J.: 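Take a look at this one; I'll ask things after.
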Number of protein chains: 2
Amino acid sequence: MKRKITLKQIAKELDVSVSTVSKALSNSKEISEDTTQKIQAFAKLYNYKPNNIALSLKNRKTKTIGILIPEIVHHFFSTVIRGIERVANRRGYNVIVGLSNESFTKEIINMEMLANGSIDGFILSISKETLLKQDYHHFNATINQGMPIVMFDRVVDEVDCDKVIVDDFNGAVKAVKKLIGNGCKHIALITTLDYVSVGKLRTQGYLEALQSNGIEADSNLILKIDDSLDVENNLDVLEAEIAQFFKSNPNIHGVFAVNELYAVSAMKVARKLGLKIPDDVQVIGFTDGVLSKHATPSLTTVSQHGQKIGEQSANLLIDRLEAEDTQPEQYFTNNEQKRDFIKLVIETEIIERESTK
Amino acid sequence: MKRKITLKQIAKELDVSVSTVSKALSNSKEISEDTTQKIQAFAKLYNYKPNNIALSLKNRKTKTIGILIPEIVHHFFSTVIRGIERVANRRGYNVIVGLSNESFTKEIINMEMLANGSIDGFILSISKETLLKQDYHHFNATINQGMPIVMFDRVVDEVDCDKVIVDDFNGAVKAVKKLIGNGCKHIALITTLDYVSVGKLRTQGYLEALQSNGIEADSNLILKIDDSLDVENNLDVLEAEIAQFFKSNPNIHGVFAVNELYAVSAMKVARKLGLKIPDDVQVIGFTDGVLSKHATPSLTTVSQHGQKIGEQSANLLIDRLEAEDTQPEQYFTNNEQKRDFIKLVIETEIIERESTK
DNA sequence: ATATTTTACGAAAACGTTTTCGTGTTGACA
DNA sequence: TGTCAACACGAAAACGTTTTCGTAAAATAT
């Protein structure tokens with residue numbers, strides 16, 4: 001039950017100075033071969049490892065990046081984390097996770113907790129409440145203190161930083177065009193209320209696809225679900241709403257849903273109403289998660305490549321962190337030389353399964 | 001783009017000493033009211049927040065706990081993380097996440113990376129490869145360096161530490177008894193190979209339930225799946241295996257599967273073979289995740305209460321960390337006084353859905 | 001033998017805190 | 001007027017590193 005050994009203890013034990021130990025361990029040629037060997041052997045014996053905290057303090061960088069997401073029990077977000085962790089680890093960084101739980105206040109608290117030296121930069125996705133409030137001062141404050149942020153998926157123009165987003169618009173267009181190509185005439189959209197940017201974009205994609213194929217959008221075929229309540233635990237409400245929707249629109253041939261859950265629920269309801277999938281109605285969802293793969297019938301979806309998003313975000317952040325190292329600080333206050341902020345768009349891909357022909 | 005302000009800068013600006021600033025900010029009555037006010041106002045204006053790293057170094061504790069899990073894209077593990085994060089945050093701790101990806105080596109690397117001062121203690125679940133190798137020296141080494149560990153779910157007797165586990169055995173017993181009670185005569189078990197402790201325990205529970213009801217176990221009714229290959233991406237292999245199993249055992253009335261995926265796959269296969277669920281065959285799975293809830297028919301499962309596991313683990317760890325603070329160090333080297341290691345068993349619960357009568 | 005260059009190491013500062021201890025100034029009291 | 005406590009503050013150490021600079025002793029050159 002002995003604490004980890006420190007330089008000072010080694011120095012004392014071997015009757016040399018702390019500086020000598022430090023140099024010997026980094027193979028400085030200032031130190032004689034004899035002494036170096038002796039010190040390294042001793043250090044190895046006692047399994048010396050430099051204390052990270054001390055290093056962080058000295059170097060004024062922690063080699064850890066903070067992730068702040070709305071929710072972790074969510075396939076998309078966990079794949080993103082996995083992606084971040086992959087490249088972070090490869091590049092020598094650790095990952096510290098905060099959950100906003102979709103709450104504005106928790107988002108702020110978490111950021112303040114981490115911004116005080118614990119991390120070198122943020123990768124985050126904005127909480128719903130923050131998007132509703134449209135209050136982004138905490139992001140800008142953090143950035144102004146010299147801490148870089150990379151936003152992914154749920155991003156916002158009001159904050160100047162690197163961003164990695166899914167091509168929600170084109171993803172939706174592709175999906176709806178596929179339904180049209182498969183012969184669907186009346187195509188329904190199941191979406192959320194508009195304030196979450198991604199929902200909005202997917203809705204726009206749906207409209208665009210219809211229009212470019214000369215189909216007039218029918219507002220009766222658009223079902224907007226209020227997801228401010230916890231849908232996961234109110235499945236019956238969701239299903240009842242969808243059932244009602246199907247009943248008042250018996251002519252639906254295709255359904256495009258902006259997430260997995262809506263899509264799977266739609267399939268479930270449709271089948272209960274005696275409709276065959278994909279014969280009577282075809283369904284495409286967004287977000288390629290566990291549900292899509294294992295539903296019966298399995299669901300054709302628009303894949304967002306969460307892991308890739310995570311990897312790119314991490315690379316963007318670390319690139320910027322390490323650029324700060326080499327470049328003299330002035331370059332960053334000098335607008336001419338400043339590296340511009342990057343917006344990476346990750347293309348979607350349609351994964352065809354049993355719910356479409 | 002100005003860096004965060006420090007005590008030293010405040011001191012310089014107000015022409016007092018660093019110690020005065022520090023004391024004023026903590027409302028020490030050593031400092032006059034005038035000076036205190038002046039300093040606090042200035043600090044507030046510049047949004048001073050003490051640097052966490054410096055505090056960690058000084059206090060020799062980081063107020064962060066390290067989580068090390070095999071995989072994050074997994075409903076059970078993410079609910080556990082959510083639980084940990086909840087209580088950690090409430091009690092003033094941060095959470096740093098490492099993923100072993102089921103690999104022995106990555107587990108070790110991650111532990112070494114974090115054990116050097118970055119965290120105060122670990123909460124972890126052992127990787128499959130480590131369980132296979134049965135090499136637990138890295139855990140014991142960490143503990144010997146004075147860093148407490150709490151293990152959850154996949155635990156092992158060879159390591160002396162607090163543990164939080166699911167009552168896998170009784171969960172399985174309950175599930176199988178339910179099938180028996182529902183009139184099932186021939187009950188199949190779909191399980192993994194034995195080296196993952198939880199799989200083993202669930203298998204034992206199955207056998208126990210049969211025996212205590214006077215039913216003789218039939219080895220033909222036990223299907224062991226080799227999950228060393230990536231099942232998620234080899235669904236067809238899994239389904240083919242299960243299909244073969246059903247065909248050679250046409251008399252199966254009930255199925256108990258040790259995880260969600262196997263259960264859902266079993267339902268899928270059964271239905272393709274023309275069997276009605278739950279009329280012809282009833283199914284119960286383990287692990288109450290998204291799949292169970294949204295499958296059609298929805299799956300009756302044994303819930304593990306992942307979030308609760310996380311919460312209890314975090315409480316156990318933090319309790320121990322803070323006990324170290326108050327208790328003189330000697331108490332811990334003194335065996336008489338040492339708090340014993342705790343093994344918490346979280347009871348399972350059967351969530352009834354459509355796959356059983 | 002003297003001058004000069006290596007060689008091999010130690011002292012000290014710095015990162016940003018908190019805390020212990022010391023000390024000069026003030027005011028009260030005898 | 002002298003003594004002493006209270007007050008208000010500063011200096012310094014400590015946490016564990018790395019790195020710059022200084023300097024004896026040894027080696028080499030003249």
Side-chain angles (χ1 to χ4, degrees), chain A residues 2-40 43 46-64 115-120 145-147 325 329, chain B residues 2-40 43 46-64 115-120 145-147 325 329:
Chain A
K2 55 207 163 187
R3 283 215 155 276
K4 298 218 60 160
I5 198 170
T6 70
L7 284 190
K8 196 191 278 193
Q9 293 169 40
I10 299 185
K12 193 173 176 187
E13 215 62 41
L14 295 184
D15 210 40
V16 292
S17 78
V18 175
S19 11
T20 304
V21 179
S22 173
K23 287 171 189 165
L25 290 178
S26 57
N27 281 314
S28 159
K29 52 185 151 54
E30 260 183 69
I31 306 300
S32 75
E33 222 168 293
D34 269 10
T35 323
T36 302
Q37 292 233 336
K38 190 176 57 178
I39 293 179
Q40 292 195 350
Y46 283 90
N47 190 30
Y48 170 80
K49 296 275 166 54
N51 180 303
N52 267 330
I53 295 290
L55 284 179
S56 297
L57 183 59
K58 178 126 202 28
N59 303 332
R60 294 147 119 240
K61 72 180 63 147
T62 61
K63 288 275 184 175
T64 63
N116 298 316
S118 303
I119 60 169
D120 295 338
Q145 288 187 351
M147 175 154 304
D325 281 354
E329 188 77 26
Chain B
K2 55 207 162 186
R3 282 215 154 277
K4 298 219 61 162
I5 198 171
T6 70
L7 284 189
K8 197 192 278 193
Q9 293 170 41
I10 299 185
K12 194 174 174 186
E13 214 64 40
L14 296 184
D15 211 40
V16 292
S17 78
V18 175
S19 10
T20 304
V21 178
S22 173
K23 289 171 188 165
L25 290 177
S26 56
N27 283 314
S28 159
K29 51 184 152 50
E30 260 182 69
I31 306 299
S32 75
E33 221 168 295
D34 269 10
T35 324
T36 302
Q37 292 234 336
K38 192 175 58 176
I39 292 178
Q40 292 196 349
Y46 283 89
N47 190 32
Y48 170 80
K49 296 276 166 54
N51 179 306
N52 267 333
I53 296 291
L55 284 179
S56 297
L57 184 58
K58 178 127 201 27
N59 302 331
R60 290 143 125 246
K61 73 181 63 149
T62 60
K63 289 271 184 181
T64 64
N116 298 316
S118 303
I119 61 168
D120 295 339
Q145 288 186 351
M147 174 155 305
D325 282 355
E329 187 78 25

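Order of the sequence lines fixes the chain letters, A, B, ..., with proteins taken first and strands second; residue numbering starts at 1 for each chain. Bear in mind the structure is a predicted one, so any value in this text is a computation, not a measurement.
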J.: Contact class for A/S19 (heavy atom, under 4.0 Å): base, sugar-phosphate, or nothing?
T.: base
J.: Would you kindly check whether a donor in the side chain of A/K29 faces an acceptor in the base of C/dT7, or vice versa, at under 3.5 angstrom?
T.: no
J.: Output the rounded distance in Å from CG (B/D15) to C1' (D/dC9).
T.: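 Rounded to whole Å, this separation is 13 Å.
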J.: In whole Å, what is the span from the CD1 atom of A/I39 to the P atom of C/dA8?
T.: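 Interatomic distance, CD1 of A/I39 to P of C/dA8: 13 Å.
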J.: Rounding to a whole Å, what distance do you find between B/E33:CD and D/dA8:P?
T.: 9 Å
J.: Please report the distance, rounded to the nearest Å, between CD1 in B/I31 and P in D/dC7.
T.: 13 Å
J.: Is any side-chain heavy atom of B/N116 closer than 4.5 Å to a side-chain heavy atom of A/K4?
T.: yes
J.: Which heavy atom of A/L7 sits nearest a heavy atom of A/S22, and at what distance?
T.: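 Nearest heavy atoms, A/L7 then A/S22: CD1-CB, 3.9 Å.
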J.: Write down the distance between CG (A/L14) and P (C/dG10), rounded to a whole number of angstrom.
T.: 11 Å
J.: Less than 4.5 Å apart, side chain to side chain, heavy atoms only: is that true for B/L25 and B/Y48?
T.: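 Touching, per the 4.5 Å side-chain cut-off.
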J.: Using heavy atoms to find the nearest nucleotide of DNA chain C for B/K23 and B/A54 separately, return the residue whose nucleotide is more 5′.
T.: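 The residue mapped nearer the 5' terminus is B/A54.
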J.: Can you tell which of C/dC9, D/dG10, D/dT18 lies closest to the side chain of B/T20?
T.: D/dG10
J.: Report yes if a donor N or O on one partner sits less than 3.5 Å from an acceptor N or O on the other, where the partners are the side chain of B/K58 and the base of D/dG16; otherwise report no.
T.: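 By the distance-only test, no, there is no pair.
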J.: Contact class for B/S22 vs. all strands (heavy atom < 4.0 Å): base, sugar-phosphate, or nothing?
T.: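 Base: the residue B/S22, judged by heavy atoms under 4.0 Å, touches a nucleobase.
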J.: How many whole angstroms separate atom CG of A/L7 from atom P of C/dA13?
T.: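 After rounding, the reported distance stands at 19 Å.
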J.: Atom CG in B/D34, atom CD1 in B/I39: separation rounded to 0.5 Å?
T.: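 These two atoms lie 11.0 Å from each other.
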J.: Does D/dC9 have OP1 or OP2 sitting under 4.0 Å from an N or O in the side chain of B/T35?
T.: yes
J.: Name the nucleic acid region contacted by A/S56, choosing base, sugar-phosphate or nothing; use a 4.0 angstrom heavy-atom cut-off, strictly under.
T.: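 Counting heavy atoms under 4.0 Å across all strands, no contact is made by A/S56.
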J.: On DNA chain D, nearest-nucleotide positions of B/L57 versus B/S32: which is more 5'?
T.: B/S32
J.: What integer distance in Å separates A/N51:CG from D/dA14:P?
T.: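 In whole Å, D/dA14 P and A/N51 CG are 17 Å from each other.
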J.: Considering heavy-atom distances to DNA chain D, does A/E30 or A/K8 have its closest nucleotide positioned more toward the 5' end?
T.: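 Taking each residue's closest nucleotide, the earlier one in sequence belongs to A/K8.
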J.: To the nearest 0.5 Å, tell me how far B/L55 CG sits from A/S118 OG.
T.: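 Reported to 0.5 Å precision, the distance equals 9.5 Å.
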J.: Rounding to an integer number of Å, can you tell me how far B/I10 CD1 sits from C/dT17 P?
T.: 8 Å
J.: D/dG16 phosphate, OP1 or OP2: any side-chain N/O from B/R60 under 4.0 angstrom?
T.: yes
J.: Give B/L55 one of three labels, base, sugar-phosphate or nothing, depending on what nucleic acid heavy atoms sit under 4.0 Å from its own.
T.: sugar-phosphate
J.: For B/S26, answer base if it contacts any base atom (sugar-phosphate contacts may also be present), sugar-phosphate if it contacts only those atoms, and nothing otherwise; contact means non-hydrogen atoms under 4.0 Å.
T.: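 Since no nucleic acid heavy atom lies under 4.0 Å of B/S26, the category is nothing.
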J.: Taking side chain as C-beta onward, heavy atoms only, is A/N47 less than 4.5 Å from A/K49?
T.: yes
